[in-house]
Novice: 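Pasting a structure here, questions to come.
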2 protein chains.
Amino acid sequence: MKKDIIFNVIKNSPNSLTAEEIYNDVSQDIDVNLSTVYRTLNNLVEKDLVTKVVRQDKIAYYELANSEPKHYLICDKCNNAYSTDMCDLDKIARKIKRETGFNITSHTLEFHGICPECLKNVK
Amino acid sequence: MKKDIIFNVIKNSPNSLTAEEIYNDVSQDIDVNLSTVYRTLNNLVEKDLVTKVVRQDKIAYYELANSEPKHYLICDKCNNAYSTDMCDLDKIARKIKRETGFNITSHTLEFHGICPECLKNVK
DNA sequence: GTGTACTCGCAAATGATTTGCGTATTTTTT
DNA sequence: AAAAAATACGCAAATCATTTGCGAGTACAC
């Protein structure tokens, strides 16, 4: 069924995707409705197979759950998102847990700025 | 003018506010339209007086610019947001800049989990 | 005083996402 | 395998935060 096809698109994508990107991709192979994509996506998120992250642009991005942490470098010029694992947040999370008693289960981190590509073009 | 009143609400609030919260607050004193609040907010953000952060709930939160970094502990039960500065992201940002050439200008960090209050009630 | 620039309110538009509902399609039960 | 129960899906309309067009009101400049 369509759920598998949608899930595969996410599984095979190196970066997180919007519902629309997923819809466009899936549409090339099968006939599907955008609302079905959204419904399926919510389903996959509920089942913890997919992670949904809302970024500053207010659009939800989906990616495989348990894939590496959701830390992005987002270029404010070209709007591309690069992910990075260059961050030791787990340590910080543990510290917060220890010192505040807040039971942290997930986190999102978004760096904004200008990517090297765009920096070149500015000059 | 109304811009000052709106700005003051933000200035005097210890935590970040939604447009609607600001609207409700301001409405107690003066007659104002919600679209004016939004327009003013965008204005203040443009002038770098106010910072806008979109959280995972897809709602924009506004706070005084240059106030401490935007790191939140958000409880998924009560939905309260606690801010924390217990994180050394500037160091990480510098490292990323150094190693990738990405020119980072800002960042947002959101921890999700259950706050100590709600943890108590669960049991 | 007349022009020019803001500031606002109001109603309508936007855009991502959700939902109601009727119809297929699959799965379970007998 | 047929009937019953549960899902999956398309379509159109609804949602909800936020934005925008437009016309009226207000302020400050020449």
Side-chain angles (χ1 to χ4, degrees), chain A residues 1-10 13 15-63 65 70 72 74 76 79-81 108 110, chain B residues 1-10 13 15-63 65 70 72 74 76 79-81 108 110:
Chain A
M1 64 203 48
K2 315 202 171 180
K3 183 188 290 191
D4 298 321
I5 300 180
I6 289 172
F7 186 46
N8 270 328
V9 169
I10 295 174
S13 168
N15 34 37
S16 45
L17 301 168
T18 65
E20 212 186 339
E21 287 169 337
I22 295 167
Y23 170 71
N24 287 334
D25 191 326
V26 171
S27 290
Q28 299 195 319
D29 299 332
I30 58 168
D31 205 12
V32 72
N33 190 282
L34 184 54
S35 66
T36 300
V37 172
Y38 276 110
R39 246 188 298 238
T40 304
L41 251 16
N42 285 338
N43 228 269
L44 292 169
V45 169
E46 259 176 41
K47 291 184 178 144
D48 279 323
L49 293 171
V50 164
T51 302
K52 169 184 178 181
V53 178
V54 173
R55 296 227 278 258
Q56 296 297 309
D57 57 11
K58 270 197 175 177
I59 293 175
Y61 290 77
Y62 301 85
E63 62 184 25
K70 290 143 280 306
Y72 303 103
I74 296 167
D76 291 330
N79 208 37
N80 271 130
T108 57
E110 210 172 298
Chain B
M1 61 205 51
K2 313 200 172 181
K3 182 189 292 192
D4 297 322
I5 301 179
I6 289 172
F7 186 46
N8 271 328
V9 170
I10 296 174
S13 168
N15 34 37
S16 45
L17 301 168
T18 65
E20 210 184 342
E21 286 168 339
I22 294 168
Y23 169 72
N24 287 335
D25 192 325
V26 171
S27 291
Q28 298 195 321
D29 299 332
I30 59 168
D31 204 12
V32 72
N33 190 282
L34 183 55
S35 64
T36 300
V37 172
Y38 276 110
R39 246 188 300 239
T40 304
L41 251 17
N42 284 338
N43 229 269
L44 292 169
V45 169
E46 260 177 39
K47 291 185 178 143
D48 279 323
L49 294 169
V50 163
T51 303
K52 169 185 180 181
V53 179
V54 174
R55 295 226 280 257
Q56 295 299 310
D57 57 11
K58 269 201 177 177
I59 293 175
Y61 290 78
Y62 301 86
E63 63 185 24
K70 290 143 280 303
Y72 304 104
I74 296 167
D76 292 330
N79 206 37
N80 271 130
T108 58
E110 209 172 297

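Because the structure is predicted, anything quoted here is derived from the model rather than measured. Protein chains get the first letters and strands the later ones, always in sequence-line order, with residue 1 at the start of each. All values below come from the heavy atoms of this structure, side chains included, with hydrogens, waters and symmetry mates left out.
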Novice: Round to the nearest Å and state the distance from Asp4(A) atom CG to dT25(C) atom C1'.
Specialist: 15 Å
Novice: Test your reading of the model: is there a side-chain donor-acceptor pair from Glu63(B) to the backbone of Thr51(B), 3.5 Å cut-off?
Specialist: no
Novice: Can you list everything that forms a side chain to side chain contact (heavy atoms under 4.5 Å, CB included) with Lys47(B)? Sequence neighbours excluded, please.
Specialist: Lys3(B), Asn43(B), Leu49(B)
Novice: Using whole Å, report how far CG of Leu17(A) lies from P of dT17(C).
Specialist: 13 Å
Novice: Hey, is the main chain of Val37(B) close enough, under 3.5 Å, to the side chain of Lys2(B) for a donor-acceptor pair?
Specialist: no
Novice: Donor-acceptor check, side chain of Thr40(B) to backbone of Thr36(B), threshold 3.5 angstrom: yes or no?
Specialist: yes
Novice: Taking all non-hydrogen atoms of both residues, which atom of Lys52(A) and which atom of Val45(A) are closest, and how far apart?
Specialist: CB-CG2, 4.0 Å
Novice: Provide the closest heavy-atom pair for Tyr61(B) versus Asp57(B) in the form atom of the first, atom of the second, distance.
Specialist: OH-OD2, 2.8 Å
Novice: Quick one: what's the B/S/- string for nucleotides 6-22 of chain D, heavy-atom cutoff under 4.0 Å, read 5' to 3'?
Specialist: ---SBB-----SBBBB-
Novice: Quantify the bending of the helix from dG1(C)-dC30(D) to dT30(C)-dA1(D) as the angle between its end axes, each fitted on five pairs, to 10°.
Specialist: 10°
Novice: Tell me the closest heavy-atom pair linking Glu110(B) and Gln56(B), and the distance in Å.
Specialist: OE2-CG, 2.8 Å
Novice: Would you find a donor on one side and an acceptor on the other, under 3.5 Å apart, between the side chain of Ser27(B) and the backbone of Tyr23(B)?
Specialist: yes
